[in-house]
Number of protein chains: 2
Amino acid sequence: MPEMQDEYTPRQRAVLDKALGLLVEGGERALTTAGLARAANCSKESLYKWFGDRDGLLAAMIAHQASKVRARIDSGEKLDHGRFRAHLVDFANDLLQVLSGDVSLALNRLAIGQASREGSRLGALLIERGRHGIDKRAGALLEAGRQRGLIAYHDRDAAYHTFYGLIVRDLHVRMLLGEAGVRRPENHAALAEEAVDQFFVLFGVRKGETAGRDRV
Amino acid sequence: MPEMQDEYTPRQRAVLDKALGLLVEGGERALTTAGLARAANCSKESLYKWFGDRDGLLAAMIAHQASKVRARIDSGEKLDHGRFRAHLVDFANDLLQVLSGDVSLALNRLAIGQASREGSRLGALLIERGRHGIDKRAGALLEAGRQRGLIAYHDRDAAYHTFYGLIVRDLHVRMLLGEAGVRRPENHAALAEEAVDQFFVLFGVRKGETAGRDRV
DNA sequence: TCTCTATCGTACCGTACGGTACGGTTCTGT
DNA sequence: ACAGAACCGTACCGTACGGTACGATAGAGA
């Protein structure tokens, strides 16, 4: 049977899942090689054989988690205003749900905590493996809307970053800081709707117009 | 001479500054009690006497840093549209400058890294001592603009959070992750201007109107 | 059945850190 | 001048972690 399904064997993926569980539950300090070996019923020797060292394990955890949540691309066929708006709302909801997830928060905390050390590539890895997929999806979505004449912008990245800011605001950092009462999944829908409304005010094209408002 | 100027003696403040320096330079791992005692020419015994334990030291560092950057309140006298806009741009610039500062990033990384541990109050401390001042200033500013009829909103906090999102976008998290090429102080002015422009599009009141647009 | 490989469990090592103790020194108040 | 407090530098202790080594075990292939 072919065990080269992805990048790691099923056994290794199970260990990585255990590692993510330890990280979510107790933070970086709880993720020790001995503790992981005990929790996953494997030997420390195997950990070092598979992942090299502790940093390799952390990188593997990020890659493993990213491989699980593949960002899908909405192929916008028959894109009228209503469907486009619905797609934007879906994106906003998905973004809020991903960012407020336990594993996402734990991995971001881990990468941020290591960001000061010199040779740490965890932050870049997290952005590369996690964020770029989301960015691609949003970029394709915005581009489709622009080509249909539903929105207008000069710089797609700028428009996307503004959209991102309208959705996330300061929620991500506050969740990362562990502020009590910030993680309210029941409010995500309202936040997403409001962000999309505001995005259309800034970048929407009214009927009859061919270009959006200019700024600066 | 009275040494109760603030909360710590000058000697203790010098030690806390050294601690901040170590934290900025090498992250949390570089901030050891022995290392700080060596760098600050003090004894470990004094550190424990002054700050209790390591967590007390970290909390003291946050309090000390917050006491240095007291957020000023712009008393908006003679507030016409131009002056109000200038105040908003100033706020946006200050916010970007603070968030991208070395010490701010280091302390946020520290608090975020500790956020998973149970009894950690660093995140709450950071928000309470650092962010609330900024929030107060922005709240007063927005309220003054609303009373002059320059902007309109139903929920001041919501308007402020939107403004915050327009200014900061995802820059803060990316800087915290250490992404290369994100910290560009020379772009802050343009970002601030654009955010204020967009904020006025969303919440500004045109001449003759008495209420802003409604949403939802 | 025999052998080889991968893995497990455990023990081990060196290091580094948080926290404490103590002798010597400087400063302060009387 | 003297006593007391505060403080410095160093040594010390216990622990915990990253990483390595080793014997035991189980499964795959000839």
Side-chain angles (χ1 to χ4, degrees), chain A residues 1-5 7-19 21-23 25-62 109-111 113-114 116-122, chain B residues 1-5 7-19 21-23 25-61 109-110 113-114 116-122:
Chain A
M1 63 198 76
E3 75 264 8
M4 299 199 60
Q5 297 182 16
E7 194 170 0
Y8 302 105
T9 68
R11 175 72 177 127
Q12 291 166 6
R13 284 201 291 271
V15 171
L16 291 175
D17 278 327
K18 266 291 179 189
L22 290 178
L23 184 68
E25 188 159 353
E28 189 196 346
R29 314 304 295 257
L31 183 60
T32 67
T33 53
L36 175 58
R38 199 178 317 116
N41 289 325
C42 71
S43 69
K44 290 174 64 174
E45 198 171 19
S46 299
L47 292 180
Y48 286 99
K49 176 169 195 164
W50 294 334
F51 309 112
D53 56 2
R54 190 170 186 273
D55 287 344
L57 171 68
L58 302 181
M61 290 167 62
I62 290 178
R109 289 195 183 112
L110 174 66
Q114 303 256 330
S116 46
R117 291 202 69 77
E118 182 59 30
S120 183
R121 296 247 326 141
L122 290 189
Chain B
M1 61 198 74
E3 76 262 9
M4 298 201 60
Q5 298 183 15
E7 194 169 0
Y8 302 106
T9 68
R11 174 72 176 129
Q12 291 167 5
R13 284 201 292 271
V15 171
L16 290 175
D17 278 327
K18 267 291 180 188
L22 290 178
L23 183 68
E25 188 159 353
E28 190 195 347
R29 315 303 295 257
L31 184 59
T32 66
T33 53
L36 175 58
R38 199 177 318 115
N41 289 325
C42 71
S43 70
K44 290 173 64 174
E45 197 172 21
S46 298
L47 293 180
Y48 287 99
K49 175 169 194 164
W50 293 333
F51 308 113
D53 56 2
R54 191 171 184 272
D55 287 344
L57 171 67
L58 302 181
M61 290 167 62
R109 288 196 183 110
L110 174 66
Q114 302 255 332
S116 46
R117 291 201 69 78
E118 180 59 29
S120 182
R121 296 245 330 139
L122 289 189

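Just so it is clear: chains get the letters A, B, ... in the order the sequence lines come, proteins before strands, and each one is counted from 1.
B:R29 has no side-chain polar atom (N or O) that falls below the 4.0 Å cut-off from OP1 or OP2 of C:dT15. Contact check, A:W50 against C:dT7: a side-chain N or O comes under 4.0 Å of OP1 or OP2. Here B:S46 reaches the OP1 or OP2 of D:dC8: one of its side-chain N or O atoms lies under 4.0 Å away.
In this structure, A:R11 reaches the sugar-phosphate backbone alone: every heavy-atom distance under 4.0 Å involves primed, P, OP1 or OP2 atoms, never a base.
Distance, B:L31 CG to C:dC17 P: 11 Å, rounded to whole Å. Taking atom CG of residue B:L47 and atom P of nucleotide C:dC17, one finds them 14 Å apart after rounding to whole Å. Atom-to-atom, CG of A:L36 to P of C:dT10 comes out at 16 Å; the value is rounded to the nearest Å. Put simply, NZ on B:K18 is 17 Å from C1' on D:dC8, counting in whole angstrom units. Atom pair B:N41:CG and C:dT26:P shows a separation of 15 Å (rounding to whole Å applied). When rounded to the nearest whole Å, the span between CZ of A:F51 and P of C:dA6 equals 16 Å. B:L57 places its CG atom 15 Å from the P atom of C:dC17, with the value rounded to the nearest Å. Between B:K49 atom NZ and C:dG19 atom C1' there is a gap of 16 Å when expressed in whole angstrom units.
Surrounding CZ of B:R38 are at most 12 heavy atoms belonging to other residues, nucleotides or ligands under 6.0 Å away.
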B:V15 vs B:W50, side chain to side chain contact (heavy atoms under 4.5 Å, CB included): CA-CA, chis, key distance, verdict: CA-CA 10 Å; B:V15 171; B:W50 293 333; 3.9 Å; yes
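Of all non-hydrogen atoms in B:E28 and A:S116, the two that sit nearest each other are N-OG, 4.4 Å. B:L23 and B:L110 get closest at one heavy-atom pair: CD2-CD2, 4.0 Å.
Residue B:E45 places no side-chain atom within donor-acceptor reach of the base of D:dC7, judged by atom type and a 3.5 Å distance cut-off alone.
Looking at which nucleotide of DNA chain C each of B:Y48 and B:S43 is closest to, the 5′-most match is held by B:Y48. Nearest-nucleotide mapping onto DNA chain D: of B:Q12 and B:K44, the residue sitting toward the 5' end is B:Q12.
Checking side-chain atoms of B:R54 against main-chain N and O of B:L31 turns up a donor-acceptor pair under 3.5 Å.
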